[in-house]
Amino acid sequence: QVQLVESGGGLVQAGGSLRLSCAASGRIFSNHAMGWFRQPPGKEREIVAGISWTGGSQYYADSVKGRFTISRDNAKNTVYLQMNSLNPEDTAVYYCARGIGARATARRYEYDYWGQGAQVTVSS
């Protein structure tokens, strides 16, 4: 059974930080890129960041560059999203997803397994 489980969401004031974690079960982590997406209220799901299987290549949406950092620990089958300098526009449900291939990608259709989502709310 394939499972991706996000944790670390919550309520934070503008300017604050949160770290999301996504733990993968089974053999779904090896040799696959991982990504974080988010879906703000009333909007489409959008890419936040992606990371290659080796961790050597990352992709960031322009809106989060310089504030968010994606990383992974392959020994723990876990991917992280460190979010700094949060603002109310970052409020969304955040999803982790497994890439079909090993290379970091921003394309939603290149991800096949998804977590259940973690709510992040940033108050002004």
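Start at 1 with the first residue, then count along the sequence.
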Side-chain donor/acceptor of Ser25 to backbone N/O of Gln3, under 3.5 Å
yes

With no hydrogens and no angle check, just 3.5 Å: does a side-chain donor-acceptor pair link Glu89 and Thr91?
no

Do you know the tightest heavy-atom contact between Glu44 and Pro40?
O-CD, 3.7 Å

Is there a side-chain contact between Ser17 and Met83 in this structure, where contact means two heavy atoms from C-beta onward sitting under 4.5 Å apart?
no

Once you round to the nearest 0.5 Å, how far does CE of Met34 lie from OH of Tyr111?
8.5 Å

Examine distances only and state if a side-chain atom of Glu6 and a backbone atom of Cys22 form a donor-acceptor pair shorter than 3.5 Å.
no

In the structure I gave you, are the side-chain heavy atoms of Arg45 and Tyr95 within less than 4.5 Å of one another anywhere?
yes

May I ask you to decide if Ser63's main-chain N or O and Arg67's side chain share a donor-acceptor pair within less than 3.5 Å?
yes

Does some side-chain heavy atom of Asp90 sit less than 4.5 Å from a side-chain heavy atom of Val120?
no

For a 4.5 angstrom cut-off between non-hydrogen side-chain atoms, does Phe37 reach Arg108?
yes

Any non-hydrogen side-chain atom of Glu46 less than 4.5 Å from a side-chain atom of Arg38?
yes

Does one side chain, of Ser123 or Gln13, offer a donor that lies under 3.5 Å from an acceptor on the other?
no

Please report the C-alpha distance between Ile100 and Tyr109 in whole Å, then the side-chain angles of each, then the deciding distance to 0.1 Å, and finally whether the side-chain contact (heavy atoms from CB on, under 4.5 Å) criterion is met.
CA-CA 9 Å; Ile100 294 172; Tyr109 63 82; over 6 Å; no

Transitive ILVMFWY side-chain link Leu86 to Val64, under 4.5 Å:
yes

Ignoring hydrogens and angles, state whether a donor on the side chain of Asp73 or Thr78 is under 3.5 Å from an acceptor on the partner side chain.
no

Over all heavy atoms of both residues, which pair between Ser124 and Pro88 is shortest? Give the atoms and the distance, please.
CB-CG, 3.8 Å

Kindly say whether Gln82 contributes a backbone atom to a donor-acceptor pair with the side chain of Thr69 at under 3.5 angstrom?
no

Is any side-chain heavy atom of Ser30 closer than 4.5 Å to a side-chain heavy atom of Trp53?
yes

Going through the checks in order, is the side-chain contact (heavy atoms from CB on, under 4.5 Å) test met by Tyr60 and Ile70?
CA-CA 9 Å; Tyr60 294 97; Ile70 188 171; 3.4 Å; yes

Can you get from Val79 to Ile47 by hopping between Ile, Leu, Val, Met, Phe, Trp and Tyr side chains that sit under 4.5 Å apart?
no

Relative to Tyr80, does Arg72 satisfy both conditions: NZ or CZ under 6.0 angstrom from the six-membered ring centre, and within 45 degrees of the ring's axis?
no

Are Val122 and Val48 in one and the same hydrophobic cluster, where Ile, Leu, Val, Met, Phe, Trp and Tyr link if side-chain heavy atoms are under 4.5 Å apart?
yes

Under 6.0 Å between the ring centres of Phe68 and Trp36?
no

Ignoring hydrogens and geometry, is there a side-chain-to-backbone donor-acceptor pair from His32 to Arg98 under 3.5 Å?
no

Would you mind reporting whether Leu81 and Tyr94 have side-chain heavy atoms less than 4.5 Å apart?
yes

Common cluster, Phe29/Tyr113, ILVMFWY with side-chain heavy-atom separation under 4.5 Å:
yes

